Structures are given as structure tokens and as C-alpha cells.
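One structure below.
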Amino acid sequence: MSIYVGNLSYQVTEEDLKRAFAEYGTVNRVQLPSDRETGRPRGFAFVEMETDAQETAAIEALDGAEWMGRDLKVNKAKPREERSDSSRGSWGNNTRNNRRY
């Protein structure tokens, strides 16, 4: 399982997150997504720790805490939902059978 960390400063680095979460146990991995177009961090991250107990301790300690000028949102990450083609919607609703004259 992993931890979702939201409302991050845009200046935060993976190393900053590793140091902050290392106080609660062993950090296995940090993911800091960035915007595809600008390369700028998106303001959230995912942190994986060695045990569930370490994750729970980090969540309890850091959720709502002020860090780098921001109030963190820290909780268990939800599984990523699969996207289907039907969820993209239609552009312009161009169906030939529904024309109105």
C-alpha cells in the first residue's frame, strides 16, 4: 500500500519527502508526479513505506501538519481506477440520427 500526500509546496523534492517520512520508518519509494507540459510538480506525491504500521504512524503524525508553508493532506492512497473509452465522452455530440431541423 502507499500513502497519498497532497497540498505539497511546488518546491518540494523527492529527497525532502524521504527525509520527512524517514522519521516514521523506512521509505521504500517516493513518486512525485510532474506536469507533462511544464515539468513542474503537480502538488502531490505517493510514498511507500516498509510496513503498514510505519505508514499508519506517518499518516497520523503528518495529516494536517504544516510543512514548507502548506497544511498537508496525508492518507492511504486509493487504488487507481481504470479508465475506459466510454468515460471520455463525445466531442460535440455529433450523432447523425439526432439532428434537429
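When a residue number appears, it is its place in the shown sequence, counting from 1. Computed from a predicted structure; not experimentally measured.
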**OP:** Could I get the full list of side-chain contact (heavy atoms from CB on, under 4.5 Å) partners for Glu15, not counting sequence neighbours?
**Re:** Thr13, Lys18, Arg19

**OP:** Would you mind listing the cluster partners of Tyr10? Hydrophobic ones only (ILVMFWY), side-chain contacts under 4.5 Å, chaining allowed.
**Re:** none

**OP:** To the nearest 0.5 Å, tell me how far Glu55 CD sits from Glu50 CD.
**Re:** 10.5 Å

Original post:
Just by distance, do the side chain of Asn7 and the backbone of Asp71 share a donor-acceptor pair under 3.5 Å?
Top reply: yes

Original post:
Hydrophobic cluster mates of Val30, side-chain heavy atoms under 4.5 angstrom, ILVMFWY only, any path?
Top reply: Ile3, Val5, Leu8, Val12, Leu17, Phe21, Tyr24, Val27, Leu32, Val47, Met49, Ile59, Leu62, Trp67, Met68, Leu72, Val74

Original post:
So with a 6.0 Å cut-off around NZ of Lys76, is the heavy-atom count from everything else above 12?
Top reply: yes

Original post:
Where do Pro33 and Ala45 come nearest, in terms of heavy atoms and distance?
Top reply: CD-CA, 4.1 Å

Original post:
Out of curiosity, Ser34 OG to Arg40 CZ, how far, rounded to the nearest 0.5 Å?
Top reply: 11.5 Å

Original post:
To the nearest 0.5 Å, how far apart are OH in Tyr4 and NZ in Lys73?
Top reply: 8.5 Å

